[in-house]
2 protein chains.
Amino acid sequence: MPGGAAQLLTAPYAGGSLFANRSLRASGKVLPEHARSHNRSLVLQTLYTEGAQSRADVARETGLTRVTVSDLVAELIGEGLVVELGQREDARPGKPATLIDVDRTGFHIIGLDLSEHTRFRGAVVDLDGSIVARAEVALDGATGERAYELVAELLDGLLALTQTRVLGVGVGSPGVVDPNGVVRSAPNLGWSGLALQERLAAAFHLPVHVANDANVAALAEHGTTPGDLILVKVGHGVGAGLIVGGRPVLGSGFAAGEIGHVVVGTDGGPRCACGKHGCLEAWLAVPRLTAELARFEGAADAASARDETLREAGRRLGIVLAPVVGALNLSEVVLSGPAELLDGPLLEATAETLRARTMAEQHRDLRLRMTAFGQDIVLRGAAVMVLSGQLGVS
Amino acid sequence: MPGGAAQLLTAPYAGGSLFANRSLRASGKVLPEHARSHNRSLVLQTLYTEGAQSRADVARETGLTRVTVSDLVAELIGEGLVVELGQREDARPGKPATLIDVDRTGFHIIGLDLSEHTRFRGAVVDLDGSIVARAEVALDGATGERAYELVAELLDGLLALTQTRVLGVGVGSPGVVDPNGVVRSAPNLGWSGLALQERLAAAFHLPVHVANDANVAALAEHGTTPGDLILVKVGHGVGAGLIVGGRPVLGSGFAAGEIGHVVVGTDGGPRCACGKHGCLEAWLAVPRLTAELARFEGAADAASARDETLREAGRRLGIVLAPVVGALNLSEVVLSGPAELLDGPLLEATAETLRARTMAEQHRDLRLRMTAFGQDIVLRGAAVMVLSGQLGVS
DNA sequence: CACGTTTGTTAGTAAACCTTACGAACAAAT
DNA sequence: ATTTGTTCGTAAGGTTTACTAACAAACGTG
């Protein structure tokens, strides 16, 4: 490898610092106790995802020694988070193992979904994600403080439905929500700067986590599949939640996922409430779709007209998603909303459009599908958020 | 808060596990020594960003005690990464402080830019980001193993240009590059599955970091400003690099940022080499723009025709970026490429289009600008990558 | 010159995880 | 029935890490 091929070209020139930027700095100091809480979470999460097993199994899985695992498990048992289940049944050489597991019957989680237009929904969820009880309150146009009171009433009612220790409360709220659970802006509910997380935590003396409804829904989906994904939530409006690199994307102004008012295509479109023409919401929102479909009722070619309306909406969604899927190299796009509208021609048209408008080779493994959680996606996601926040690594 | 407002609705229904997903699991066990290396990096980064200061200053800044900082600094001095600069000059009460700093003159970084079509460029960069020396090799259509040899020759030549200890080598390569520095696919160079990082590291016995050129360029920009950003690199092709939540986005198939072949708009467009019509690259790539502009040379209305061509390209870029900026709530969009083409009507049209097609309120603080690093953006980013990889927290 | 302040170091302590060692309990082979 | 090998959980002791407490050195200030 001769050095002659490279030649000195120009005189040195002065630059600034390579990174003046603080955000590349380590987040803060790490003490031994932080390491321990990390390992504690590691044990908990191993138990949660792998199910009942012995301390030795956990040690092998985590890479920690049996000694350390025993110590951590003793601490967790002391707090009631983990329980011993007796000896393993199957016949193997060696001393029989004592099975341990997260106390799956010992805790409930409360999930709240504030994203619907006419009501707040809530549920009691157990640690495995089964919904144990449900409740709801009608909104009746309530806004501001009255809307907050309805949230508190709903939560109060849900807490009365369980006698089990409550791990925490997860809330999916519409609008822009910051990492501290302050609803910066939720026009429909007349909230701006409402410290929802803080107020609920203070009023109920429970851990509370509040996030944007679409982000919460994305958490629910991410729980079931690896890889990066976008969840598109179609309802009265259109919003999205993104998981990139295993983490929810918040955005510089905590407004990530607000794609409802991005203009689609270069050929106009329906007028939107925001004043622009051809916003995604103007094509895809449920009220607009149902109104459009109603126009064809009873007509001769009702079926094909309905089909074409849905396909057009699906194409529009694909047009908006294509740059996002391409730029982020997403592996999964999930739709949430009324299945009778979304699951069919609309979904198919979105898939076709996505395929046609992105580089197919890069996205061969791209999956587009409806959520399997139906209407409960935000409730389930809220539970995931609590589980991850209370038991997981921060 | 009466509980009566909430009512039990349905019977329990069975769900699966809340997260079967491994990716929400903690990354692995944490040992005390990991904590120490974290704190070590914290000290280094504090010194790097804040400049020369006393051990006590570092202690106050990091939250660690003076004792711990002294211990860590002793280790760093022992390795030659940090040096003592003598006593502080200014008159203050108390024992005079001994200033310490990263040894800014003691290290050089090698940066390589493989993204140009006709040549490989490289530079020797000091720790403050100043370019000390440059070199390049002509590509002459080389591909495959011959292209790799040219990289090695360029690196060899650059190493001969510095007598200072080399911290590491950073490489920005075109194509899809995985986190291990394997170039999965770079059609122009005829590379597929080339373990560039591993081979260079083995051949030169130096730390080597290889990443996609646009991602590397994004790192350079992120060094100067906080917040999430997308860097669009316009050259023979069009690619992008994203920083979200302070981290580079790789994508599920390590192909994030590949937006060159996303179709723009709903009204056709120029035919692209990939077969589709109206790809971003077909509108915006440098060869296409220069060819288009050449058509107007000498014409009567050359200036306005040129202007409109550039504006149209800018609008197309805005159309593709709008959904990305909206979905990610980005705070910054940076363009890199020939300033005579990009900086002017094109940039203005992109800005206008972005404003018109997204929700203005959410993106009031959105900044769109040219890079300040010009042609050296990949070289600078490569240096940032090395600095961050060798000194920073992983 | 006494005093307060700041710096950097020494000494000792607490926490966390490790390695090593061991008893208990079992299956399989003898 | 005994031996052998395996596995589990725990105990003891050592290493690493960062902390608190205390102190000498060196400097301005009144």
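Every chain is numbered from 1 and lettered A, B, ... according to where its sequence line falls, protein lines coming before strand lines.
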Measure the distance from CD on B/Gln53 to P on C/dT6 and round it to the nearest whole Å. 17 Å
Testing the basics here: between B/Val386 and B/Leu167, what is the closest heavy-atom pair and its distance to 0.1 Å? CG1-C, 4.2 Å
Can we say B/Glu33 and B/Arg40 salt-bridge, meaning some charged N sits less than 4.0 Å from an Asp/Glu carboxylate O? no
Nearest non-hydrogen partners of B/Phe254 and B/Pro179, listed with the distance: CE2-CD, 3.3 Å
Under 4.0 Å, heavy atom to any atom of DNA chain D: which of residues 64-83 of chain B qualify? B/Leu64, B/Thr65, B/Val67, B/Thr68
Give a yes/no on whether any side-chain N or O of A/Thr98 is located under 4.0 angstrom from OP1 or OP2 of D/dG9. yes
For D/dC8, does OP1 or OP2 lie under 4.0 Å from any side-chain N or O of A/Arg60? yes
Between C/dT7, C/dC17, D/dG9, which nucleotide has the shortest distance from any of its atoms to the side chain of A/Asn39? C/dC17
Do the side chains of B/Leu328 and B/Val244 get nearer than 4.5 Å, heavy atoms only? yes
Per the end-axis method with five pairs at each terminus, what is the bend angle of the helix from C/dC1-D/dG30 to C/dT30-D/dA1, to 10°? 10°
Examine D/dT7: is either OP1 or OP2 under 4.0 Å from a nitrogen or oxygen in the side chain of A/Ser54? Give yes or no. no
The side-chain hydrogen bond (donor to acceptor under 3.5 Å, both in side chains) partners of A/Asp101 (sequence neighbours excluded) come to A/Arg104
Taking D/dC8, D/dT10, C/dT7 as options, the one with an atom nearest any side-chain atom of A/Arg55 is D/dT10
Going by the side-chain contact (heavy atoms from CB on, under 4.5 Å) test, name the single residue among B/Glu332, B/Glu221, B/His222 that passes it with B/Ile243. B/His222
Write down the distance between CG (B/Asp57) and P (C/dT7), rounded to a whole number of angstrom. 6 Å
Taking only residues two or more places apart in sequence or in another chain, which ones pass side-chain hydrogen bond (donor to acceptor under 3.5 Å, both in side chains) with B/Ser252? A/Ser331
So which atom in A/Glu84 and which in A/Arg55 form the shortest heavy-atom distance, rounded to 0.1 Å? OE2-NH2, 2.7 Å
B/Leu42 CG to D/dT17 C1', straight-line distance once rounded to whole Å: 15 Å
Which atom pairs link the protein and nucleotides 27-30 of chain D when you take only N or O atoms and keep those under 3.5 Å?
unit_1	atom_1	unit_2	atom_2	d
D/dC27	O4'	B/Gly94	O	3.3
D/dC27	O2	B/Gly94	N	2.9

Side chain to side chain, A/Val82 and A/Val43, heavy atoms closer than 4.5 Å: no
For atom CD of A/Glu33 and atom C1' of D/dT16, their distance in whole Å: 15 Å
Can you tell me how far C1' of C/dA16 sits from NE2 of B/His34, to the nearest Å? 14 Å
Is B/Arg36 close enough to D/dT16 that one of its side-chain N or O atoms is under 4.0 Å from OP1 or OP2 there? no
Set of salt bridge (Lys or Arg N to Asp or Glu O under 4.0 Å) partners for A/Glu198, sequence neighbours left out: none
For the residue pair B/Ser54 / B/Asp57, report whether a side-chain donor-acceptor contact shorter than 3.5 Å exists. yes
